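To start, the structure itself, in structure tokens.
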Amino acid sequence: MAGGTFRPTGVAKERAQQYEGRVTLYVVMACLVAAVGGSIFGYDIGISGGVISMDPFLEKFFPIVYRKKNHKSKNNYCKYDNQGLAAFTSSLYLAGLVASIGASHVTRNYGRRASIICGGISFLIGATLNASAMNLAMLLLGRIMLGVGIGFGNQAVPLYLSEMAPAHLRGGLNMMFQLATTLGIFSANMINIGTEKIKPWGWRLSLGLAAAPALLMTIGGFFLPETPNSLIEQGSTDKGRQVLERIRGTRNVDAEFQDMTEASELANSIKHPFRNILELRNRPQLVMAIFMPAFQILTGINSILFYAPVLFQSLGFGGNPALYSSAMAGAVLCLSTLVSIATVDRWGRRTLLIGGGVQMIICQITVAIILGLKSGGDKALSKGFSVLVVVVICLFVAAFGWSWGPLGWTVPSEIFPLETRSAGQSITVSVNLFFTFVIAQSLPSLLCSFKFGIFLFFAGWITIMTIFVYIFLPETKGVPIEEMILLWRKHWFWKKVMPPLQTVDEDI
């Protein structure tokens with residue numbers, strides 16, 4: 001008689017309750033080593049803003065900006081409005097955008113470890129070029145190599161962490177990437193405070209020390225185990241099970257292994273993952289892969305992280321106070337990420353994203369009001385209001401650190417089925433780097449044009465993205481990564497968008 005069987009759409013049924021295992025030292029160490037990749041991203045974010053505020057660096061590569069900075073510009077907001085200087089910051093992210101597309105092929109066909117190692121090597125080359133740069137061309141070439149490293153690292157590391165972590169702790173362990181990023185930012189801020197005093201070559205030391213996390217990432221990559229998901233996808237089923245048993249600390253991994261095997265069978269049947277990801281059944285994941293990283297950047301966090309010393313100088317702070325204020329913001333970001341790690345798998349993703357969004361809106365509007373009422377384009381804030389601005393900005397950074405900072409990476413990395421996971425992560429990284437490039441390139445001009453209104457501009461975007469999460473993002477807390485495909489069919493909106501499960505008739 002005729003019967004029906006489901007066409008492959010990932011895993012066939014939910015087995016989460018049957019998963020066994022514990023958090024082993026093996027998986028924690030593997031995640032720690034992989035998360036060092038985040039410190040590379042963070043170090044560059046933190047270091048570039050400090051370097052472009054140093055007079056010897058500006059005098060050598062951007063003399064026009066140097067003269068504008070030191071000769072009382074009529075408008076404080078426009079001191080750093082120079083497209084060449086913006087290109088120094090943004091070129092890295094444009095290169096990372098392009099590299100992340102190629103990284104998808106490496107990650108899928110050669111494993112997550114291969115991309116992590118490639119990223120580390122590229123970053124080492126870039127750090128060397130930057131530290132020894134004799135002209136602008138050499139400086140920008142180094143930035144491009146750094147971008148290639150970030151493209152590979154950001155593509156592979158979040159995937160690696162999501163696949164290695166147990167489902168019930170995936171959020172916390174995945175956030176090791178963001179924690180390492182924030183530690184990289186804070187370390188860069190502290191290094192800038194020290195190297196700013198070493199004239200005229202302190203900026204070379206700041207840029208060259210980027211090689212330290214890159215070296216850790218490269219060497220660590222050779223010792224990391226490949227993820228079970230990747231091994232099974234590449235046909236090494238037995239080895240994949242061995243690694244799974246080792247990282248879970250038990251031999252009773254049948255349910256999780258079965259989910260991985262089913263997902264791998266579909267993954268290997270997909271020859272063009274980027275084409276497949278455009279299908280209607282993958283529409284929810286595609287939407288999240290585009291909007292989550294875009295919104296993460298449109299919070300305006302990069303106006304603080306990239307240009308913090310520049311921003312504080314524009315508001316009337318001196319050189320050293322600007323660097324100290326930047327370091328304070330970096331420390332707050334790092335500490336607030338710990339809050340997210342501790343709560344994400346208890347409170348859930350939606351609660352943190354919505355709560356953080358509300359806090360960021362309030363902070364952005366508050367800063368805009370203070371600057372609008374108490375600071376003109378040609379005068380500095382009073383000491384009292386300067387302190388208040390720093391406090392409110394730190395509250396904004398804290399909200400980002402326990403919400404959109406880590407979760408902007410965590411959510412996209414955990415929602416894709418295996419057959420489109422590397423392609424989905426590439427889209428996430430590409431969108432993130434595209435918007436990072438746009439903001440890094442345009443922020444000096446936007447600051448000059450909008451003045452204090454730049455904070456209202458970002459507050460508007462945060463309002464939109466908070467509403468977006470409330471309406472469209474289901475809670476992914478505790479859902480096994482291989483069963484995430486079933487979650488969308490339960491969501492009130494996405495179940496209307498996704499096509500019905502197709503069946504194939506066969507004789508039984």
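The first residue of the sequence shown is numbered 1, and numbering continues consecutively from there. Small disclaimer: the values here were computed from a predicted structure and weren't measured.
With rounding to the nearest 0.5 Å, the separation of OG1 in Thr428 from CZ in Phe416 is 5.5 Å. Atom-to-atom distance recorded for Ile125:CD1 and Asn130:CG is 12.5 Å, nearest 0.5 angstrom. Here the CD1 atom belonging to Ile361 is positioned 4.5 Å from the OG1 atom belonging to Thr466, to the nearest 0.5 angstrom. Within the model, atoms CZ of Phe434 and CD1 of Ile439 stand 10.0 Å from one another, a figure rounded to the nearest 0.5 Å. Atoms OH and SG, on Tyr110 and Cys118 in that order, are 10.5 Å from each other to the nearest 0.5 Å.
Here the side chain of Lys197 pairs a donor or acceptor atom with the backbone of Ile193 at under 3.5 angstrom. Lys199 contributes no side-chain N or O that, together with a main-chain N or O of Pro56, makes up a donor-acceptor pair within less than 3.5 Å. Within the 3.5 Å criterion, the main-chain N or O of Gly50 finds a donor-acceptor partner in the side chain of Ser53. In terms of modelled atom types and a separation under 3.5 Å, the side chain of Gln359 and the main chain of Leu395 share a donor-acceptor contact. With hydrogens and angles ignored, the 3.5 Å screen pairs a side-chain donor or acceptor of Ser39 with a backbone N or O of Val36. Without hydrogens or angle criteria, Asn282 side chain to Asn276 main chain gives a donor-acceptor distance under 3.5 Å. When atom types are taken as modelled, the side chain of Arg350 and the backbone of Pro474 share no donor-acceptor pair closer than 3.5 angstrom. Remark: the backbone N or O of Leu333 is paired with a side-chain donor or acceptor of Thr337 at under 3.5 angstrom.
Closest of all the heavy-atom pairs between Thr299 and Ile462 is O-CD1, 3.5 Å. Shortest non-hydrogen contact noted between Gly300 and Phe396 is C-CZ, 4.3 Å. Considering every non-hydrogen atom in both Leu298 and Phe458, the closest pair reads O-CD2, 3.4 Å. When all heavy atoms of Ser430 and Ile101 are compared, the pair lying nearest together is OG-CD1, 3.3 Å. Considering all non-hydrogen atoms of both residues, Tyr43 and Leu205 come closest at OH-O, 4.5 Å. When every heavy atom of Pro412 is checked against every heavy atom of Leu407, the shortest pair comes out as CD-O, 3.8 Å.
Remark: Thr476 engages Arg349, Glu414 in a side-chain hydrogen bond (donor to acceptor under 3.5 Å, both in side chains) (not counting sequence neighbours). Annotation: ring pair (Phe, Tyr, Trp, His ring centres under 6.0 Å) contacts of Phe493 (sequence neighbours excluded): Phe472. Every residue two or more places apart in sequence or in another chain that forms a ring pair (Phe, Tyr, Trp, His ring centres under 6.0 Å) with Phe61 is listed here: Phe57, Trp203. Shown here are the side-chain hydrogen bond (donor to acceptor under 3.5 Å, both in side chains) partners of Ser445, two or more places apart in sequence or in another chain: Asp81, Gln83. By the side-chain hydrogen bond (donor to acceptor under 3.5 Å, both in side chains) test, Thr181 pairs with no residue at all, sequence neighbours left out. With sequence neighbours left out, the side-chain hydrogen bond (donor to acceptor under 3.5 Å, both in side chains) criterion links Asn432 to Gln296, Thr436. With sequence neighbours excluded, no residue forms a salt bridge (charged side-chain N to carboxylate O under 4.0 Å, His left out) with Glu475.
Side-chain contact between Leu85 and Thr89 is absent, with no heavy-atom pair separated by less than 4.5 Å. Between Ser340 and Leu352 there is a side-chain heavy-atom pair separated by less than 4.5 Å. Residues Met190 and Phe186 form a side-chain contact, since some pair of their non-hydrogen atoms from C-beta on lies under 4.5 Å apart. Looking at heavy atoms from C-beta onward, Phe88 lies in side-chain contact with Phe62 at the 4.5 angstrom threshold. Taking the side chain as every heavy atom from C-beta outward, Cys334 and Leu179 approach each other to under 4.5 Å. Looking only at side-chain heavy atoms (C-beta outward), Leu433 and Leu94 stay at 4.5 Å or farther from each other. With a 4.5 Å cut-off on side-chain heavy atoms, Ile47 and Asn189 do not count as touching.
The neighbour count for Phe457 CZ, taken as heavy atoms of other residues, nucleotides or ligands under 6.0 Å away, is above 12. Other residues, nucleotides and ligands contribute more than 12 heavy atoms inside 6.0 Å of the CG atom of Leu136. The neighbour count for Trp347 CH2, taken as heavy atoms of other residues, nucleotides or ligands under 6.0 Å away, does not exceed 12.
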Less than 3.5 Å apart, which donor and acceptor atoms pair up between the side chains of residues 288-295 and the rest of the protein, not counting sequence neighbours?
none

Below 3.5 Å, can you tabulate the donor-acceptor pairs from side chains in residues 210-221 to any protein atom, sequence neighbours excluded?
from, atom 1, to, atom 2, distance (Å)
Thr218, OG1, Gly120, O, 3.4
Thr218, OG1, Ile121, N, 3.4
Thr218, OG1, Ala214, O, 2.8

Sequence neighbours excluded and cut-off under 3.5 Å, please list the side-chain donor-acceptor pairs for residues 397-404, or say none.
from, atom 1, to, atom 2, distance (Å)
Trp402, NE1, Ala398, O, 3.3
Ser403, OG, Ala399, O, 2.5
Trp404, NE1, Leu353, O, 3.3

- request: Step by step, work out the side-chain contact (heavy atoms from CB on, under 4.5 Å) result for Ile370 and Thr366.
  value: CA-CA 6 Å; Ile370 294 172; Thr366 301; 4.0 Å; yes
- prompt: Where do Trp494 and Leu473 land on the side-chain contact (heavy atoms from CB on, under 4.5 Å) test, with the steps shown first?
  reply: CA-CA 9 Å; Trp494 294 116; Leu473 181 67; over 6 Å; no
- prompt: What's the verdict on side-chain contact (heavy atoms from CB on, under 4.5 Å) for Phe123 and Met145, showing C-alpha distance, side-chain angles and the deciding distance?
  reply: CA-CA 6 Å; Phe123 211 88; Met145 291 306 299; over 6 Å; no
- request: Please assess Cys394 against Met328 for the test side-chain contact (heavy atoms from CB on, under 4.5 Å), listing each intermediate value before the final yes or no.
  value: CA-CA 8 Å; Cys394 284; Met328 185 185 302; 3.9 Å; yes
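Sorted by first and then second residue, the pairs that involve residues 205-216 and meet side-chain hydrogen bond (donor to acceptor under 3.5 Å, both in side chains), not counting sequence neighbours, are Asn192-Ser206, Thr195-Ser206. Within the structure, the side-chain hydrogen bond (donor to acceptor under 3.5 Å, both in side chains) test picks out the following pairs touching residues 142-164 (sequence neighbours left out): Asp44-Arg143, Thr107-Gln155, Arg112-Glu163, Gln155-Ser426, Ser162-Asn174, Ser162-Ser413, Glu163-Thr227, Glu163-Arg421.
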